[in-house]
> 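Structure provided below as structure tokens; questions to follow.
Given the structure is predicted, the values throughout are model-derived calculations rather than measurements. Each chain gets a letter, A, B and so on, in the order its sequence line appears, and its residues count up from 1.
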Amino acid sequence: MKIASWNVNSLNVRLPQLQQWLRDFSPDVVGLQETKLEDHRFPDTALAEMGYRSVFAGQKTYNGVAILSREPLTDVQMGVPGLEDEQKRVIAATVGDTRIVNLYVVNGQDVGTEKYAYKLRWLDAVHGWLADEMQRHPNLVVLGDFNIAPDERDVFDPKRWGDDHILTSVAERDALRRMQALGLHDGFRLHHQDAGLYSWWDYRMGGLSRNLGLRIDLTLVSDALRARAVAAGIDREPRTWERPSDHTPVWVDLQ
DNA sequence: ATGGTAGCGTGGCTA
């Protein structure tokens with residue numbers, strides 16, 4: 001079962017690229033972020049014609065998440081229970097014996113800003129909820145745009161992207177480590193150790209051609225699923241297409 | 001790095 005995550009940066013713009021990639025890669029489950037679509041505009045019919053069911057929680061202009069699956073999606077949860085948040089950043093659903101949690105983590109703008117404080121509060125709330133989810137669903141996959149680069153291998157310039165920088169600050173990385181301490185393993189790092197393998201490149205300054213990127217899109221698998229995660233990767237192809245998202249799909253394969 | 005590019009929406013915010 002190939003499970004993927006892709007920040008599409010507007011599904012309205014990116015539907016053709018998503019459809020092409022679904023044909024090329026044939027994932028079983030996909031978590032999407034930054035759909036930027038209200039629910040009544042979600043292209044569920046077009047996706048159903050390709051064999052994908054969809055559940056979604058969207059809004060105009062910003063944020064918006066969805067899960068696509070070839071098999072039925074049940075027990076759909078939108079948002080973090082108990083967290084007041086108008087921003088549509090979380091959707092979870094069960095596929096077969098596996099619980100999928102799709103996160104669009106707060107970006108945080110810059111260290112020390114109000115958005116950064118919101119990011120840390122938000123991550124704390126998600127941590128508490130995931131602890132419960134782990135108890136309910138030992139077969140747990142937590143994927144999405146984490147807006148956190150786990151370590152120095154995941155950034156193009158570790159001197160710049162360090163302890164005091166957004167996406168790599170000590171508090172952000174601590175929050176990710178705390179989440180992983182629940183028993184969630186970075187699917188990509190189970191199979192690849194190299195530095196310089198990224199999931200996002202800035203649109204500006206020739207970011208892709210110079211490989212000025214970050215690995216901030218993750219697929220975390222629970223202890224119970226670890227042995228079943230037989231492969232993982234980053235599909236760089238869609239980032240090279242016409243009118244791309246600034247993120248490219250990441251995936252893990254569960255046997 | 002206070003620029004650069006993209007999306008939304010038509011000025012300025014977000015990333």
> Could you walk me through whether A/Asp154 and A/Ile216 pass side-chain contact (heavy atoms from CB on, under 4.5 Å), step by step?
CA-CA 8 Å; A/Asp154 303 312; A/Ile216 52 178; over 6 Å; no

> Identify, between A/Leu212 and A/Arg41, the residue whose nearest nucleotide on DNA chain B lies closer to the 5' end.
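Its nucleotide being nearer the 5' end, the pick is A/Leu212.
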
> A/Asn63 or A/Lys36: which one's nearest nucleotide on DNA chain B is closer to the 5' end?
A/Lys36

> With rounding to whole Å, what would you report as the distance between B/dG9 and B/dA15 at their P atoms?
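Comparing P positions in B/dG9 and B/dA15 gives a spacing of 15 Å.
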
> Mind checking the P distance from B/dG4 to B/dT10? Whole angstroms is fine.
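It comes out at 24 Å once rounded to the nearest Å.
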
> Around atom NZ of A/Lys88, are there more than 12 heavy atoms of other residues, nucleotides or ligands at under 6.0 Å?
no

> Of all nucleotides in DNA chain B that come within under 4.0 Å of a heavy atom of chain A, which is furthest toward the 5' end and which toward the 3' end?
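The protein-touched segment is B/dA1 to B/dA15.
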
> Classify the ring geometry between A/His192 and A/Phe188 as parallel (under 30°), tilted (30 to 60°) or perpendicular (over 60°).
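Ring orientation of A/His192 relative to A/Phe188: parallel.
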
> Does a donor on one side chain sit under 3.5 Å from an acceptor on the other, for A/Asp97 and A/His137?
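The criterion, which ignores hydrogens and geometry beyond distance, is not satisfied for A/His137 and A/Asp97.
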
> What distance, rounded to whole Å, do you find between the two P atoms, one in B/dA1 and one in B/dC13?
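Taking atom P in both B/dA1 and B/dC13, they lie 23 Å apart.
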
> Pick the C1' atom in B/dG7 and in B/dG11, then give their distance to the nearest Å.
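It comes out at 14 Å once rounded to the nearest Å.
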
> Could you please spell out the steps behind the side-chain contact (heavy atoms from CB on, under 4.5 Å) verdict for A/Ile91 and A/Val76?
CA-CA 7 Å; A/Ile91 190 165; A/Val76 179; 4.2 Å; yes

> Taking the six-membered ring for Trp, is the centroid-to-centroid distance between A/Trp21 and A/Trp6 below 6.0 Å?
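Here the rings of A/Trp6 and A/Trp21 have centres that are less than 6.0 Å from each other.
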
> Which part of the nucleic acid, if any, lies within contact of A/Arg160, taking any heavy atom under 4.0 Å across all strands shown: a base, the sugar-phosphate backbone alone, or nothing?
base

